[in-house]
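One structure below.
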Amino acid sequence: AHVQNNYRVSLEYKNGYLSIVKMPADTKYADNGQKVIKVENDDRGIIYANRSAKEGEPMELIERKYAEIWRQHAYPGEWIELNDGKWVQK
C-alpha cells in the first residue's frame with residue numbers, strides 16, 4: 001500500500017489503518033485502490049492481532065504503536081493523522 005501512498009491516494013489513520021484520500025474518477029483505478037487498501041488493512045489487522053496475543057497487550061495499543069511506525073515511514077506529502085486527531089501532510 002505504500003506504493004499507493006507514494007501517489008497520495010491513501011492516508012494513514014492514527015489507529016494504524018489506511019483509507020483513500022479522494023476516490024479516483026477512473027473506476028478501474030478506484031476499484032484497484034479500494035482492493036489494495038482492503039488487503040493492506042486486513043494484513044495489518046492480522047499482524048496487530050498476532051502481536052497483541054503474543055505480547056498480551058490490548059489491540060488498540062498495538063494499533064497505536066504501529067500507527068507511529070507508519071507515520072515515521074510515510075512519504076513526503078502523505079496525509080497522516082496524529083494522536084490528537086489532527087491531520088497533517090508529512
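The analysis underlying the following values was restricted to heavy atoms, covering all of them including side chains, and did not include hydrogens, waters or symmetry mates.
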Distance, nearest 0.5 Å, that separates [atom1] of [X] from [atom2] of [Y]:
X: Thr27; Y: Asn32; atom1: OG1; atom2: CG; value: 11.5 Å
X: Ile47; Y: Glu63; atom1: CD1; atom2: CD; value: 12.0 Å
X: Leu11; Y: Glu78; atom1: CG; atom2: CD; value: 8.0 Å
X: Glu12; Y: Arg71; atom1: CD; atom2: CZ; value: 9.0 Å

For residues [X] and [Y], report the shortest heavy-atom separation together with the two atoms involved.
X: Ala74; Y: Ile80; answer: CB-CG2, 3.8 Å
X: Glu40; Y: Leu18; answer: CG-CD1, 3.5 Å
X: Ser52; Y: Pro58; answer: OG-C, 3.7 Å
X: Ala67; Y: Gly16; answer: CB-N, 3.4 Å

| Any residue meeting salt bridge (charged side-chain N to carboxylate O under 4.0 Å, His left out) with Asp42, in chain and number order, not counting sequence neighbours | Lys38

| field | Partners meeting salt bridge (charged side-chain N to carboxylate O under 4.0 Å, His left out) with Glu60 (sequence neighbours left out) | value | none

| note | Glu57 meets the side chain to side chain contact (heavy atoms under 4.5 Å, CB included) criterion, sequence neighbours left out, with Glu55, Leu61, Ile62, Lys65

| message | Under the rule for side chain to side chain contact (heavy atoms under 4.5 Å, CB included), what residues qualify as partners of Ala49, not counting sequence neighbours? | response |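 Testing Ala49 for side chain to side chain contact (heavy atoms under 4.5 Å, CB included), a comparison that skips the adjacent residues, returns Met59.
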
| Which residues share a side chain to side chain donor-acceptor pair (under 3.5 Å) with Gln34, sequence neighbours left out |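 Residues passing side chain to side chain donor-acceptor pair (under 3.5 Å) with Gln34: none at all.
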
| task | Examine Tyr13 and Leu82 and state if one hydrophobic cluster contains both, with Ile, Leu, Val, Met, Phe, Trp and Tyr joined whenever side-chain heavy atoms are less than 4.5 Å apart. | result | no

| field | Pairs touching residues 49-68 that satisfy ring-ring contact (aromatic ring centres under 6.0 Å, His included), sequence neighbours left out | value | Tyr48-Tyr66

| Within residues 81-90 or reaching into it, pairs that qualify as salt bridge (Lys or Arg N to Asp or Glu O under 4.0 Å) - sequence neighbours excluded |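 Qualifying pairs: none.
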
